[in-house]
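Remember, it's a predicted structure, so these values are computed and weren't measured experimentally. All chains are named by letter (A, B, ...) in the order of the sequence lines, taking the proteins before the strands, and each is independently numbered beginning at 1.
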Amino acid sequence: MDYKSTMNLPQTEFPMRASLATREPEWLKYWEEIDVYGKTLEATKDAPPFILHDGPPYANGHIHMGTAFNKVFKDLIVKYKTMRGFYSPYVPGWDCHGQPIEHQVEKNLGPERMAEISRVDLRALCRDYAMRFVGVQSAEFQRLGVRGDFERPYLTLRPEYEAGNVRIFAELYRRGMIYKGSKPIHWCTRCKTALAEAEIEYGDETSDSIYVGFELIDPPDVFAAAGLPVSILIWTTTPWTLPANVAVTLAEDASYVGVVAGGKVLVFAEELVSQVAEVAGWERIEYVCGDDGEPARMRGSELAGLRYHQPIHADLEGVVITGPHVELSTGTGAVHTAPGHGEEDWLVGREFGLPSLMPVDDNGVFDGGGGRFAGMHVYKANPAIIDYLREEGSLLHAGTTSHSYPHCWRCKQKVIFRATEQWFVSMDHVDEGRPLREGALEAIGTVEWIPGWSVNRIRSMVADRPDWCISRQRAWGVPIPVFTCAACGETVANDETFEAVIRLFETEGADAWFIKDPSEYLPAGVTCPRCGGTTLTPEDDIVDVWWESGVSHTSVLDNYEELHRPAELYLEGSDQHRGWFQSALLTSVGAYNAAPYERVLTHGFIVDGDGRKMSKSLGNVISPLDVIEKSGADIIRLWAAAADYSQDVSISDEILDRTSEAYRRMRNTFRFLLSNLYDYEPSMAVEWEQMPEIDRYAMVKLADLVERVTRAYDEWKFHQVYRAVFDYCVVDLSSFYFDVLKDRLYSDAAGSLSRRSAQTVLSHILGALVRLVAPVLTFTSEEVWHFMPEKMREDLPSVQLAGWPVVEIPSAEEAARLRDSYRVVLEVRDVVTKALEDARNAKVVNKSQEAAIALTAPTDALDELTERGLEALAEMFIVSAVQIAEGDQISVAVEPASGEKCPRCWNYREIGVDPARPELCGRCAGVLADG
RNA sequence: GGGCCCGUAGCUCAGUUGGUUAGAGCGCACGGCUGAUAACCGUGAGGUCAGUGGUUCGAAUCCACUCGGGCCCA
């Protein structure tokens with residue numbers, strides 16, 4: 001007879017194969033239909049808020065693994081917080097202005113059409129371009145399962161957003177933190193624009209390397225003793241900056257000597273004599289010596305104040321000074337200083353009150369200040385200047401050197417340092433209140449930084465950063481909202497003008513700035529405070545995009561009704577310490593004296609399996625879109641959750657394979673749970689008191705899991721969530737509890753207390769597990785939810801609306817006792833499985849039910865075992881019989897089970913106890929008799 | 001060149017204040033089952049804890065340096 005039909009074998013429609021790539025889009029459609037986002041907000045509308053404020057990705061191109069990782073991470077936090085009972089709206093945003101988009105549009109247009117297009121038309125094209133990629137990325141983020149208000153995202157190009165820039169600018173301006181100044185900054189002569197540090201790429205470049213003597217006007221006696229002219233020898237890799245030279249900087253404490261060469265005395269650092277000699281090809285070194293016959297030496301500080309003839313402009317003089325940035329590893333220890341062409345030069349120049357010459361125009365061409373080189377591009381001028389120096393006799397040596405050099409991130413051309421008029425946010429000056437740096441450093445202390453070391457990074461960056469250059473000479477952005485008096489050039493900006501500009505931007509957008517005349521929107525009577533002029537010109541420069549995204553605390557958090565400032569959390573990659581975290585902090589502290597966030601979580605970068613960054617040239621790029629198509633978004637989500645984000649996160653085909661395997665394991669766990677609950681509903685639940693011990697133990701393990709997972713989520717340690725859940729599925733469930741349970745579930749009477757007890761536990765496991773995993777496996781958990789017994793779903797159309805699981809154990813004492821006791825039992829079980837394996841290898845038995853075992857154990861363990869009875873032990877070890885005796889240590893002997901195989905339950909038992917069912921074991925006979 | 005961070009089995013992670021033969025799961029190999037079956041169970045082999053040198057009775061854990069990698073800056 002076929003007894004299969006008499007058993008309660010698992011049944012479920014829940015597919016073993018996930019087919020995520022095809023099934024996930026169906027769930028997306030479902031969520032949209034039921035408006036799951038709106039439902040979660042409605043359900044939590046009176047709950048305490050938790051705002052995760054989205055940092056805006058740049059609206060250019062498709063998403064990559066880094067953006068996918070970041071968004072998945074945010075989504076799982078928002079979903080977790082929602083399930084924990086927080087009101088957690090999520091408004092995604094995009095960074096829409098800026099150079100890269102403008103550059104792309106420019107490339108698409110081509111130089112000819114670019115030359116003809118108006119600024120307003122160019123901006124319109126940029127807008128179209130940005131909006132196109134907002135659409136692309138929005139769809140891609142949603143495909144990852146990210147839940148949020150994608151109908152109403154924030155975009156930095158929207159009028160109300162643009163107005164926020166002005167609000168913050170006005171506040172900082174009012175406090176005297178914003179100034180217009182001249183400063184050398186990276187300048188791209190091709191794009192004709194200032195570049196922020198973030199817009200610079202460094203790459204190797206071959207440059208000139210020249211040694212030049214500047215003839216001293218008043219040489220010190222010790223070096224003049226030889227009766228020869230005395231020059232101070234400098235080294236530079238940028239000959240074109242020599243026309244702007246105003247000083248030579250020495251190291252204060254270094255020793256300088258004079259060396260006779262080519263009929264003159266060259267003064268430079270003693271430490272570098274042999275290096276220079278080698279470069280210059282000197283066969284021997286002739287020092288200028290003192291009376292003692294030793295080389296004459298002077299400290300840098302003793303040389304300071306000397307004057308020399310400017311190498312290009314014979315009619316000008318330069319001065320010798322000392323500074324902290326002089327290195328003695330290369331060069332001559334005497335640094336050619338042109339404050340208009342270098343940051344350190346500028347700093348030291350400011351200290352000594354030096355002029356900042358700037359003879360180079362926007363295109364990189366010398367103006368009249370370039371003397372004989374006027375009209376030449378700086379790079380063309382290099383050889384000409386070298387020739388000139390050679391003719392003048394001041395050139396000691398000209399060669400080349402390869403070094404890291406800055407390039408424009410857009411056009412990849414070499415960038416120069418050039419002093420220009422720019423707008424700055426001062427870190428240290430303020431008219432009212434505290435300086436920005438001081439305030440920002442204090443605000444940093446009020447924020448929780450995760451991981452902890454990240455505070456060091458932001459703190460040192462804020463402590464060391466220079467003033468923030470916020471102006472850009474481009475079209476695609478928000479204008480610096482000030483005016484210039486046409487008559488006298490004075491800046492005109494006050495509460496009245498700011499308010500008018502805010503209103504203008506709110507109603508018409510920043511485009512209006514470039515279309516309208518100020519008289520159309522400024523109130524009558526706004527005049528130049530200096531000369532009373534009434535013709536005002538709007539500022540041409542636009543604001544740095546970091547400023548724009550930074551002010552989202554105002555343009556978004558303050559503007560969206562469901563959000564608030566400060567946000568509970570900002571979450572981005574570690575590069576944002578220099579970027580958004582900082583621009584948000586500075587603008588917020590400047591305007592409100594407070595940080596815009598309560599905590600900041602940073603994650604590492606996505607790298608390949610060898611820890612290398614992903615790049616096209618290395619060929620190691622993995623696109624999230626490919627993974628979605630091949631394996632599904634839940635695999636990306638699981639990978640993201642499994643990684644320790646505090647370091648860089650690796651991804652590779654192997655890692656994704658492992659992730660998919662782990663996914664399948666968890667999926668099968670759900671499948672087992674669902675398939676054994678096909679005839680169960682919560683009204684059948686068995687009370688704790690009536691549960692067999694092992695079921696109570698399983699409940700304790702589940703409660704422990706929930707506790708552990710919840711703690712891991714709360715501590716932002718998502719990889720521990722994954723670890724705990726996965727190990728639980730594999731170790732606690734699959735290899736132990738489920739394995740043991742099968743006999744009871746399949747063979748006991750369907751409605752028996754023993755089977756219902758098992759199902760009660762399984763239902764608790766299922767209900768808890770599906771919730772624990774829901775923030776991560778957003779698609780799979782929803783699928784599971786819909787296969788769960790109807791009554792378990794609490795009439796909720798989505799697992800996203802379900803609360804966080806609670807597993808209550810009636811007695812903490814009993815829970816503790818069970819944990820201890822099962823530690824012993826499971827130890828013994830390990831010994832048993834080993835013995836069974838030996839028996840299998842010796843062909844004594846095959847499956848464990850064919851075995852009967854004889855155990856010995858020392859007293860303690862023995863008590864623990866005997867207490868629960870031999871039958872329970874046999875059940876736990878999945879053998880047909882257990883004998884037990886006291887012994888020195890735990891040992892197991894295996895022999896074939898006596899009795900016969902019951903054709904129904906496949907256990908080896910005494911057969912025919914019930915005469916009516918002579919071929920069956922007693923249990924099975926009983927089941928059939930009752931049925 | 002500077003700042004911050006990282007480097008434990010093929011993979012993902014544990015390794016408490018430095019203390020016995022460095023752990024887990026996965027993968028792999030071998031075996032079992034065929035009533036979770038493109039599943040499931042068991043056993044086993046895998047690591048000079050990046051390297052070198054220190055501190056210490058004792059270091060994966062502390063210090064220095066080197067190598068490799070990441071982000072940011074020059």
Centroid-centroid under 6.0 Å between A:Phe670 and A:Phe14 rings: no
Examine B:C26: is either OP1 or OP2 under 4.0 Å from a nitrogen or oxygen in the side chain of A:Arg664? Give yes or no. no
Looking only at atom P, what distance separates B:G53 and B:G15, rounded to whole Å? 28 Å
Tell me, please, whether A:Tyr822 has A:Arg829 positioned over its six-membered ring: NZ or CZ under 6.0 Å from the ring centre and within 45 degrees of its axis? no
Looking across every strand, which nucleic acid part, if any, lies under 4.0 Å from A:Ala642 by heavy atom: base, sugar-phosphate, or nothing? sugar-phosphate
Counting only side-chain nitrogens and oxygens, does A:Lys613 get under 4.0 Å of the OP1 or OP2 atom of B:C71? yes
Separation of B:G69 atom P from A:Ile651 atom CD1, nearest Å, is 21 Å
Remember a base hit wins even if backbone is also touched, and classify A:Phe672 as base, sugar-phosphate or nothing at under 4.0 Å, heavy atoms. base
d(CG, A:Asp838; C1', B:G32) in whole Å: 14 Å
Would you say the base of B:A36 and the side-chain of A:Thr669 have a donor-acceptor pair closer than 3.5 Å? no
Rounded to whole Å, please give me the gap between CD in A:Glu850 and C1' in B:G42. 14 Å
Side-chain donor/acceptor of A:Arg723 to base of B:U12, under 3.5 Å: yes
To the nearest Å, how far apart are A:Phe877 CZ and B:G42 P? 14 Å
Is the distance between the ring centroids of A:Phe73 and A:Phe69 less than 6.0 Å? yes
Which part of the nucleic acid, if any, lies within contact of A:Val731, taking any heavy atom under 4.0 Å across all strands shown: a base, the sugar-phosphate backbone alone, or nothing? sugar-phosphate
Pairing nucleotide - B:C65, Watson-Crick or G-U, each distance under 3.5 Å: B:G51
Gap in Å between the two P atoms, one belonging to B:C49 and one to B:U8, rounded: 11 Å
In whole Å, measure the gap between the P atoms of B:G42 and B:A24 for me. 14 Å
C1' gap between B:C62 and B:G70, integer Å: 25 Å
Check for a donor-acceptor pair, side chain of A:Asn620 on one end and backbone N or O of A:Ser615 on the other, with a separation under 3.5 Å. yes
Using a cut-off of 4.0 Å on non-hydrogen atoms, how would the nucleic acid contact of A:Arg667 be classed: base, sugar-phosphate, or nothing? nothing
Centroid-centroid under 6.0 Å between A:Phe417 and A:Trp346 rings: no
Enumerate the salt bridge (Lys or Arg N to Asp or Glu O under 4.0 Å) contacts for residues 831-843 of chain A, please, sequence neighbours excluded, ordered by first and then second residue. A:Glu837-A:Arg840
Please state whether the base of B:C71 and the side chain of A:Arg457 form at least one donor-acceptor pair under 3.5 Å? yes
Considering only atom C1', compute the distance from B:A14 to B:U52 and round it to an integer number of Å. 27 Å
What is the pairing partner of B:G1, taking Watson-Crick or G-U wobble pairs with both distances under 3.5 Å in any strand? B:C73
How would you label the contact of A:Arg665 with the nucleic acid (heavy atoms, under 4.0 Å): base, sugar-phosphate, or nothing? sugar-phosphate
Remember a base hit wins even if backbone is also touched, and classify A:Asn668 as base, sugar-phosphate or nothing at under 4.0 Å, heavy atoms. base
C1' atom, B:C5 versus B:U17: distance in rounded Å? 24 Å
CG/A:Asp608 to NZ/A:Lys613 distance, rounded to the nearest 0.5 angstrom? 11.5 Å
Categorize A:Trp639 for me: base, sugar-phosphate, or nothing, with a 4.0 angstrom heavy-atom threshold over every strand shown. nothing
Suppose you measure atom P in B:A22 against the same atom in B:G51; what distance do you get, rounded to whole Å? 15 Å
Using a cut-off of 4.0 Å on non-hydrogen atoms, how would the nucleic acid contact of A:Ser574 be classed: base, sugar-phosphate, or nothing? sugar-phosphate
Remember a base hit wins even if backbone is also touched, and classify A:Thr12 as base, sugar-phosphate or nothing at under 4.0 Å, heavy atoms. nothing
Within the structure shown, what part of the strands sits under 4.0 Å from A:Met16 by heavy-atom distance: base, sugar-phosphate, or nothing? sugar-phosphate
Describe the nucleic acid contact of A:Arg671 in one word from base, sugar-phosphate, nothing, applying a heavy-atom distance below 4.0 Å. sugar-phosphate
Can you tell me the distance, in whole Å, between the CG atom of A:Leu9 and the C1' atom of B:U34? 13 Å
Syn or anti for B:G46, please, going by whether the chi angle lies within 90° of 0. syn
Within the 4.0 Å heavy-atom criterion, would you say A:His719 contacts the bases, only the backbone, or no part of the nucleic acid? sugar-phosphate
Watson-Crick or G-U counterpart of B:G25, or none if no pair lies under 3.5 Å: B:C11
